[in-house]
Amino acid sequence: MNLRIEGLVKQYDGRRVLDGFSAEFPEGKTTAILAPSGAGKTTLLRILCGLEKPDAGAIRGMEGRRLSVVFQEDRLLPDSDAVSNIRLAAPAYEEKECRQLLSALRIPEWEQRGKPVREFSGGMRRRTAIARALAVPADFYLFDEPFRGLDGETKSCVIACVREKTRGKTVLLVTHDEREAAEMGAVREIDIAAGQAAQMPQ
């Protein structure tokens, strides 16, 4: 079932961040949301994962869906290592699986063993947050600028891993970078300000 959003409204202190936003997200595909800062992208994701309530509008197709999220902030336990951060969210994930996933995201094995993530670089913390989200058995992935701070070859490697791990899942990708959307295989691009969707160029 596709996710459908109909006439979503959200305001703060009288300012409408979302003003009648409507869109449809195809099941099992990646949809990109590309819009300037302040257009309501993060607010939309917070509503979808239940952290905010809309003032008006309807969301259909989320019933019974398991969600996994990468926020703009890493939201890691700073004094725990990477494996512990993953297993807190995905306790069924074995330590060996965690290490394989972290290695696929270019976090060296010697960095994985007991080192608190507060000692990681910003890019390594970001990749640990992505690994945690990928380890959660989800139907729907919400990614809020997940590749921010990653560069060049590392970003391409991480995107390839994310794309493989989310194959066949419904993915909503918030990004400022059209190249990221293309690399992620996004089939639609949503203009959140206009509430309209367009086919991504092939």
Side-chain angles (χ1 to χ4, degrees), residues 3 23 25-26 28-52 65-78 82-83 85-90 93 97-98 100-107 111-112 117-118 120-192 200:
L3 169 64
F25 302 87
K29 303 293 184 182
T30 296
T31 301
I33 291 185
L34 293 156
S37 297
K41 303 183 301 296
T42 296
T43 298
L44 173 62
L45 264 61
R46 288 178 61 82
I47 290 172
L48 289 175
C49 63
L51 296 176
E52 300 272 1
R65 298 293 184 99
R66 299 170 299 175
L67 296 180
S68 187
V69 185
V70 175
F71 296 97
Q72 286 192 23
E73 310 83 14
D74 298 325
R75 302 193 181 193
L76 300 171
L77 295 178
V83 170
N85 269 278
I86 293 172
R87 297 196 70 200
L88 180 66
Y93 223 67
E97 293 177 294
C98 293
Q100 289 173 340
L101 180 55
L102 289 165
S103 295
L105 293 170
R106 291 199 163 189
I107 296 180
E111 298 280 15
Q112 303 170 18
V117 296
R118 60 180 162 75
F120 280 10
S121 67
M124 288 174 59
R125 288 195 298 270
R126 196 67 183 148
R127 281 173 273 155
T128 301
I130 292 170
R132 179 183 58 191
L134 294 176
V136 173
D139 308 301
F140 201 115
Y141 291 87
L142 305 176
F143 293 140
D144 194 354
E145 298 187 40
F147 312 119
R148 184 166 50 94
L150 305 181
D151 56 12
E153 187 179 348
T154 296
K155 180 190 285 190
S156 294
C157 177
V158 170
I159 288 175
C161 180
V162 171
R163 186 171 179 178
E164 175 62 29
K165 294 291 185 181
T166 59
R167 190 179 303 277
K169 306 293 186 177
T170 304
V171 177
L172 176 54
L173 172 69
V174 167
T175 178
H176 292 287
D177 191 336
E178 291 187 9
R179 291 173 298 179
E180 290 181 359
E183 283 192 64
M184 275 289 291
V187 297
R188 303 186 81 196
E189 177 182 326
I190 299 292
D191 179 351
I192 196 169
M200 285 286 287

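This structure is a prediction, so every number in the text was calculated from the model and none was measured.
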[X] to [Y] - nearest heavy-atom pair and separation:
{"X": "P26", "Y": "R188", "value": "CD-CD, 3.6 Å"}
{"X": "D74", "Y": "A129", "value": "O-CB, 3.8 Å"}
{"X": "Y141", "Y": "V136", "value": "OH-O, 3.2 Å"}
{"X": "C161", "Y": "A104", "value": "SG-CB, 4.0 Å"}
{"X": "V117", "Y": "A82", "value": "CG1-N, 3.8 Å"}
{"X": "A181", "Y": "L173", "value": "CA-CD2, 4.0 Å"}

Are any side-chain N or O atoms of [X] and backbone N or O atoms of [Y], one a donor and one an acceptor, separated by less than 3.5 Å?
{"X": "R87", "Y": "Y93", "answer": "yes"}
{"X": "E183", "Y": "S156", "answer": "no"}
{"X": "D144", "Y": "V174", "answer": "no"}
{"X": "S68", "Y": "A133", "answer": "yes"}

[atom1] of [X] to [atom2] of [Y]: how many Å apart, nearest 0.5 Å?
{"X": "I33", "Y": "L44", "atom1": "CD1", "atom2": "CG", "answer": "5.0 Å"}
{"X": "I159", "Y": "L150", "atom1": "CD1", "atom2": "CG", "answer": "8.0 Å"}
{"X": "Q72", "Y": "L45", "atom1": "CD", "atom2": "CG", "answer": "9.0 Å"}
{"X": "C49", "Y": "L172", "atom1": "SG", "atom2": "CG", "answer": "10.5 Å"}
{"X": "L101", "Y": "K165", "atom1": "CG", "atom2": "NZ", "answer": "5.5 Å"}
{"X": "R167", "Y": "K29", "atom1": "CZ", "atom2": "NZ", "answer": "10.0 Å"}

S103 and Q112: CA distance, side-chain angles, deciding distance, side chain to side chain contact (heavy atoms under 4.5 Å, CB included) verdict: CA-CA 9 Å; S103 295; Q112 303 170 18; 3.2 Å; yes

Answer yes or no: is there an ion pair linking E153 with R106, defined by an N-O contact shorter than 4.0 Å? yes

Can you pull the side-chain hydrogen bond (donor to acceptor under 3.5 Å, both in side chains) pairs that have at least one residue in residues 127-136, sequence neighbours excluded?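 Passing the test, one end in residues 127-136: no pairs.
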
Inspect the surroundings of NZ in K169 and state if more than 12 heavy atoms from other residues, nucleotides or ligands are less than 6.0 Å away. yes

Check this for me: R179, atom CZ, are more than 12 non-hydrogen atoms of other residues, nucleotides or ligands nearer than 6.0 Å?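 Counting other residues, nucleotides and ligands, CZ of R179 stays at 12 neighbours or fewer.
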
Donor-acceptor side-chain pairing of E145 and T42 below 3.5 angstrom: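 Looking only at side-chain atoms, T42 and E145 do not form any donor-acceptor pair under 3.5 Å.
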
Listed partners of K155 passing side chain to side chain donor-acceptor pair (under 3.5 Å), at least two apart: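 K155: side chain to side chain donor-acceptor pair (under 3.5 Å) contacts with E180.
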
For the residue pair [X] and [Y], establish whether any side-chain heavy-atom pair is separated by less than 4.5 Å.
{"X": "R65", "Y": "T170", "answer": "yes"}
{"X": "F147", "Y": "V162", "answer": "yes"}
{"X": "F143", "Y": "T166", "answer": "yes"}
{"X": "L102", "Y": "I86", "answer": "yes"}

